[in-house]
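Not measured: the values here are computed from a predicted model.
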Amino acid sequence: MTHTDTSPYPSTVAVVRQAGAPLNIEQAQVLRPGPKEVLVRVVASGVCHTDMVFRDQFFPSPLPIVLGHEGSGVVVAVGEDVSVVAPGDHVVMTYMSCGLCAPCETGHPAHCANMAPLNFGGGRSDGTTAMCDAHGDVLHDHFFGQSSFSNFSIANERNVVKVPKEAPLELLGPLGCGIQTGAGAVLKALGVRAGNSFAAFGTGAVGLAAIMAARVAGATTIIAVDVVPQRLDLALELGATHVINSREQDAVEVIRSLTGGGCDFSLECSGRADVLRQAIDAVGILGTCGIVGATKMGTEASFNVNDVMIPGKRVMGIVQGDVVASTFIPVLVDLFLQGRFPFDKLCRFYAFDQINQAMEDSEKGITIKPILRISPLTA
């Protein structure tokens, strides 16, 4: 089913107009979907650390821009040649990929050769946009292929994932980025298996998702490292067998003691170079350290070359868990519905016009995963 009506959709959006400034709630227009595109009425959107990274322009993007990349909603209309979803379907929106490069065609679309322009370029690959403000001026969009801080979002059939209607739609958006990243890093990229030992450095949304996934995988030693006692308590509730407050203990020494020389796998989730060094040092012989924490452009880290080479350690960069979202997100939904992946315990809901408060609470560690309620489930 396609729409022949060409009139735009009025929408309320949150706009970044100046680096580091609060987002403005404004009125905008969203165009109808083009070929391969999907128009989604956004029910809710998670707020992710990456949104703040681009708000502050630590990673550059064109301004003004509508951010948001953990959207969930209902398909309103589809463009020509869309086959994966239809109007009325419930969907989670995730990252965009080209589908044509070598990483995409070999099952690694999260490492798409065109990741930057498709997700951070501020528009479609041809430079066009689908949003304009109340004065008719361009609003850059297609952030992660969606710009979900809006009542309506133009996505592509490649980055919408159909989910069952019995699942709580307003909760599911974070599965498209933060939760997918942590869980995918463990279950897909690192390949944690039953009996392994695993350590998460940082227990925000990504780290806690990784801990839950490690329990699903059957890891028998699951270690959470952080400096916030409340988060460490939650980590224990979600599956950690041990917790380390790195302000009070040497995390590397404790992990080596717990695991008999070093853990099989570690995951650096904080985006801090000094913590990455700890995550590498904590890994044992033939162990792997995964990196998912986003840092400022140009950040460098050091490690002892012989301590990596001689024990055969591996250091792996991971984006979006290295998953194929269309098949992985439904698995996470099933695990959640079975009670085996309770990521709802990380979440707190905010009204859309509380977006700046939600970001502040996230940055202060008050809320692990804010979710904005943007539109009612039924309209």
Side-chain angles (χ1 to χ4, degrees), residues 38-48 68-78 82-95 144-146 148-153 155-188 205-206 208-213 215-217 234 237-239 320-321 323-352 358 367-379:
V38 179
L39 178 70
V40 177
R41 181 170 53 78
V42 183
V43 169
S45 180
V47 175
C48 177
H69 62 286
E70 291 184 340
S72 61
V74 180
V75 175
V76 175
V78 298
V82 171
S83 59
V84 298
V85 293
D89 285 345
H90 288 190
V91 295
V92 168
M93 293 182 283
T94 185
Y95 67 91
F144 278 76
Q146 57 180 282
S148 58
F149 291 162
S150 171
N151 293 132
F152 292 96
S153 174
N156 187 281
E157 71 169 358
R158 283 191 58 80
N159 72 314
V160 294
V161 180
K162 185 177 177 180
V163 292
K165 292 187 176 179
E166 61 266 27
L169 186 59
E170 69 175 6
L171 184 66
L172 301 184
L175 296 180
C177 182
I179 306 302
Q180 168 177 268
T181 294
V186 167
L187 298 174
K188 170 67 165 57
V206 174
L208 290 171
I211 286 167
M212 289 186 284
R215 180 170 65 174
V216 167
L234 182 56
E237 181 182 343
L238 295 175
Q320 294 289 339
V323 304
V324 177
S326 60
T327 55
F328 190 72
I329 288 175
V331 170
L332 295 183
V333 173
D334 286 344
L335 288 169
F336 169 73
L337 292 175
Q338 293 168 12
R340 299 166 63 195
F341 191 78
F343 74 95
D344 56 315
K345 293 184 179 181
L346 315 182
C347 303
R348 176 185 172 188
F349 287 97
Y350 293 77
F352 189 18
T367 301
I368 295 175
K369 174 52 65 177
I371 301 178
L372 303 171
R373 287 188 169 109
I374 293 180
S375 301
L377 181 59
T378 57

* Asked: Listed by chain and number, what are the ring pair (Phe, Tyr, Trp, His ring centres under 6.0 Å) partners of Phe152, not counting sequence neighbours?
  ->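 Here the qualifying residues are Tyr9.
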
Minimum-distance pair of heavy atoms, taken over all atoms of [X] and [Y]:
{"X": "Val161", "Y": "Pro330", "answer": "CG1-CD, 3.8 Å"}
{"X": "Pro174", "Y": "Gly46", "answer": "CG-CA, 4.2 Å"}
{"X": "Val92", "Y": "Gly173", "answer": "CG1-O, 4.1 Å"}
{"X": "Pro370", "Y": "Tyr350", "answer": "CB-CE1, 3.6 Å"}
{"X": "Ala358", "Y": "Val47", "answer": "CB-CG2, 4.4 Å"}
{"X": "Ala183", "Y": "Phe341", "answer": "CB-CZ, 3.9 Å"}

Under the rule for side chain to side chain contact (heavy atoms under 4.5 Å, CB included), what residues qualify as partners of [X], not counting sequence neighbours?
{"X": "Ser375", "value": "Arg41, Asn151"}
{"X": "Arg215", "value": "Ile222, Pro342"}
{"X": "Val186", "value": "Val192, Phe198, Ala210, Ala213, Ala214"}

Interatomic spacing from [atom1] in [X] to [atom2] in [Y] - rounded to 0.5 Å:
{"X": "Gln320", "Y": "Lys188", "atom1": "CD", "atom2": "NZ", "answer": "12.5 Å"}
{"X": "Gln146", "Y": "Cys177", "atom1": "CD", "atom2": "SG", "answer": "8.5 Å"}
{"X": "Cys347", "Y": "Leu171", "atom1": "SG", "atom2": "CG", "answer": "5.0 Å"}

Side-chain heavy-atom pair [X], [Y] within 4.5 angstrom cut-off:
{"X": "Leu172", "Y": "Phe343", "value": "yes"}
{"X": "Tyr95", "Y": "Arg158", "value": "no"}
{"X": "Arg348", "Y": "Ile371", "value": "no"}
{"X": "Arg373", "Y": "Glu170", "value": "yes"}
{"X": "Ile179", "Y": "Leu346", "value": "yes"}
{"X": "Ile374", "Y": "Val43", "value": "no"}
{"X": "Ser72", "Y": "Met93", "value": "no"}
{"X": "Lys369", "Y": "Cys48", "value": "yes"}

* Side-chain (Ser45) to main-chain (Gly68) donor-acceptor, under 3.5 angstrom -> no

* Cut-off 3.5 Å, side chains only: do Ser148 and Glu70 have a donor facing an acceptor? ->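 No, because no side-chain N or O of Ser148 sits under 3.5 Å from a partner of the opposite role on Glu70.
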
* When you look at Val91 and Val163, which way does the side chain to side chain contact (heavy atoms under 4.5 Å, CB included) test go after all the steps? -> CA-CA 5 Å; Val91 295; Val163 292; 5.7 Å; no

* Asked: Of Val75, Val85, Val78, Thr94, which is the lone residue that meets side chain to side chain contact (heavy atoms under 4.5 Å, CB included) with Val160?
  -> Val85

Side-chain donor/acceptor pairs under 3.5 Å, residues 331-339, sequence neighbours excluded:
unit_1: Gln338; atom_1: OE1; unit_2: Arg340; atom_2: NH1; d: 3.0

* Would you please test Val82 and Val38 for side chain to side chain contact (heavy atoms under 4.5 Å, CB included) and show each step? => CA-CA 8 Å; Val82 171; Val38 179; 4.1 Å; yes

* Working for side chain to side chain contact (heavy atoms under 4.5 Å, CB included), residues Leu187 and Val323 -> CA-CA 9 Å; Leu187 298 174; Val323 304; over 6 Å; no

* Asked: Going by the salt bridge (Lys or Arg N to Asp or Glu O under 4.0 Å) test, which pairs reach into residues 84-95, not counting sequence neighbours?
  -> Asp89-Lys162

